[in-house]
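A, B, ... follow the sequence lines: proteins, then strands. Residue 1 opens every chain.
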2 protein chains.
Amino acid sequence: MKIVSWNINSVRFRIAIVEQFLREAEPDVLCLQETKVIDADFPFAMFRSLGYDHIVIHGQRMHHGVATLSRVPIVADDRFDWQANAEARHVGVRLPNGVRLENVYVPAGGDVPDREVNPKFGQKLDFVARMIDWSRGLDMPTILTGDFNIAPLPSDVWSHKALLKTVSHTPIEVEALDQLQASNDWVDLGRHFHPAPARLHTWWSYRSPDWTVNDRGRRLDHMWATADVAKTATAHTVFEACRSWLSPSDHVPIMTEFDF
Amino acid sequence: MKIVSWNINSVRFRIAIVEQFLREAEPDVLCLQETKVIDADFPFAMFRSLGYDHIVIHGQRMHHGVATLSRVPIVADDRFDWQANAEARHVGVRLPNGVRLENVYVPAGGDVPDREVNPKFGQKLDFVARMIDWSRGLDMPTILTGDFNIAPLPSDVWSHKALLKTVSHTPIEVEALDQLQASNDWVDLGRHFHPAPARLHTWWSYRSPDWTVNDRGRRLDHMWATADVAKTATAHTVFEACRSWLSPSDHVPIMTEFDF
DNA sequence: GGTGTAGAGG
DNA sequence: CCTCTACACC
């Protein structure tokens, strides 16, 4: 079972490269974030044409929006509002073996890492705090994946020093993500298969004509699993090449293979 | 001497097909309307690379804007404000033989053909009225070309009956254009070479997935010359095929060949 | 239907 | 840098 997470930055605008990726990587399940489309306008046709007939979406107008698409049967499960503002940032499904798959898009958090000056930063921390509450009570085999918008380890960013005051890598965010991981027996599958300080970036800003020149990447996208599920994982891949495809997302897909 | 007029609907967005056209038709002079670019951002490079080194532009932000580009020497001449509102809708040049070439973009005139309800319609009629004043005093060999936004003859539109109340083909606009033509010894070179009711449309709305299906064209673009110049004209061509090029303008180029 | 603008959000 | 929305204008 191959499970992918990809912040696609508009699934309609990106439909061609999503198709290209699905044909090449052939995942069983695809978790998308930032679909930026209401459910009525979701581009079902391409996915169905490739056999992804099981589609669970939680969209909204303009921003955010998540979707989980599968060629094996999945069942819609929960939809948490971890930001308590009705933004479409989570959708959960059950896989055929009963494992829960939680697809999440953590808020970016604005520019200034200060709750007072920048309310978006506070909302991001609150979002993770509510994820921690949920995680503590969790007692089922679960995969938690998506765009967490936090790069926890020094080797998860192109320069630990340069980014200590940059939202996504500030100590307070890293501490929050560490607490989330400690709140259950979560395994960070990316680092499980590619221990730090291996290169494992999943995002490069658009604000550079050529992302490969300075190569200022960050690991914002993650695939976690509870220990019972994690021990069935056999591989984890970051599809860095997708960042150079035509009209790319600023994020690349990550994929974990499970032995079930 | 081959002279072309083309409403290009953004010269920057359309730069590829302009280049394609110049390579295929090889005009000596190109009059563009709706360049939609300020002079500082005009895409000079492509034109210069093809030998169009003589460039006289009258641009503005956002809307309108005209440009005359030539591979034979031209000299900037007048810039009339026939709408008395500082919109960039005209630029005049002198050709090497002294003939004046007036490149004009007549206002579209809005939707409702009523001066009271729709001020844009009044501005269009006022614009033509000022052209008539100018034309009456004209005593030099002159070519007047551009997007006139009026289709004067019944055969200049896909349905005379259906368009009698549609701006561009209303009797009051046709009457204004007739007066303009009568105000000097103007020859309508399109109809000179392709007498009515020959097909001679130059514009098809974007509001149809396939312009060829209903083929609801109009002749909005014109090339006129005073009689002395007109008698040196040898051919007139409408490049209808350009309407099917990739990412086309809604107007196609028209070209007159002169024996000078 | 298509183009330009502006601002929000990333 | 890139996407979305909304609007003006054609």
Check your understanding: Do you know which of Tyr52(B), Phe239(B), Phe47(B) makes ring-ring contact (aromatic ring centres under 6.0 Å, His included) with Phe21(B)?
Key ->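 For Phe21(B), the ring-ring contact (aromatic ring centres under 6.0 Å, His included) test succeeds with only one of Tyr52(B), Phe239(B), Phe47(B), which is Phe239(B).
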For His90(B), which of Trp82(B), Phe148(B), Phe127(B) qualifies under ring-ring contact (aromatic ring centres under 6.0 Å, His included)?
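The passing option is Trp82(B).
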Rounded interatomic separation in angstrom, taking [atom1] from [X] and [atom2] from [N]:
X         : N       : atom1 : atom2 : result
Lys124(A) : dG9(C)  : NZ    : P     : 16 Å
Glu87(A)  : dA8(C)  : CD    : P     : 16 Å
Asp111(B) : dC10(D) : CG    : C1'   : 9 Å
Gln33(B)  : dT3(C)  : CD    : P     : 18 Å
Gln60(A)  : dC4(D)  : CD    : C1'   : 12 Å
Leu32(A)  : dT3(D)  : CG    : C1'   : 16 Å
Asp210(A) : dC1(D)  : CG    : P     : 13 Å
Trp203(A) : dG9(C)  : CH2   : P     : 18 Å

Both Asn149(A) and Met62(A) contact DNA chain C. Taking the nearest nucleotide for each, which residue is further toward the 5' end?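 Upstream on the strand: Met62(A).
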Among [options], find the nucleotide with the atom closest to the side chain of [X].
X         : options                  : value
Lys36(A)  : dC10(D), dT3(D), dG10(C) : dT3(D)
Tyr206(B) : dC9(D), dG10(C), dG1(C)  : dG1(C)
Phe13(B)  : dC9(D), dT3(C), dC4(D)   : dT3(C)
Arg12(B)  : dC10(D), dG4(C), dG10(C) : dG4(C)

* To do: Flag yes if more than 12 heavy atoms outside Leu164(B) fall under 6.0 Å of its CG atom; otherwise flag no.
  =>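 It does: Leu164(B) CG has more than 12 such atoms within range.
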Problem set entry | Pi-cation contact, Tyr105(B) with Arg89(B) (under 6.0 Å, within 45°) |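 Checked: cation-pi criterion met.
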**Prompt:** If you draw the axis of the six-membered ring of Trp203(A), does the NZ or CZ of Arg218(A) fall within 45° of it and under 6.0 Å from the ring centre?
**Reply:**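 No, Arg218(A) does not sit over the ring of Trp203(A).
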- Scan Arg115(B), Lys165(B), Lys124(B) and name whichever one has a salt bridge (charged side-chain N to carboxylate O under 4.0 Å, His left out) with Glu173(B).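 Exactly one option meets the salt bridge (charged side-chain N to carboxylate O under 4.0 Å, His left out) with Glu173(B), and it is Lys124(B).
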So, is [X] near the phosphate of [N], with a side-chain N or O under 4.0 Å from OP1 or OP2?
X         : N       : answer
Ser247(A) : dT3(D)  : yes
Arg243(B) : dG2(C)  : no
Arg207(A) : dG10(C) : no
Ser10(B)  : dG4(C)  : yes
Arg61(B)  : dA6(C)  : yes
Arg14(A)  : dC2(D)  : no

Base, sugar-phosphate, or nothing: which does Glu34(A) touch, judged by heavy atoms less than 4.0 Å apart?
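No contact.
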Check every strand shown and say whether Arg89(B) touches a base, only sugar-phosphate, or nothing at a heavy-atom separation below 4.0 Å.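 Sugar-phosphate, backbone atoms only, no base.
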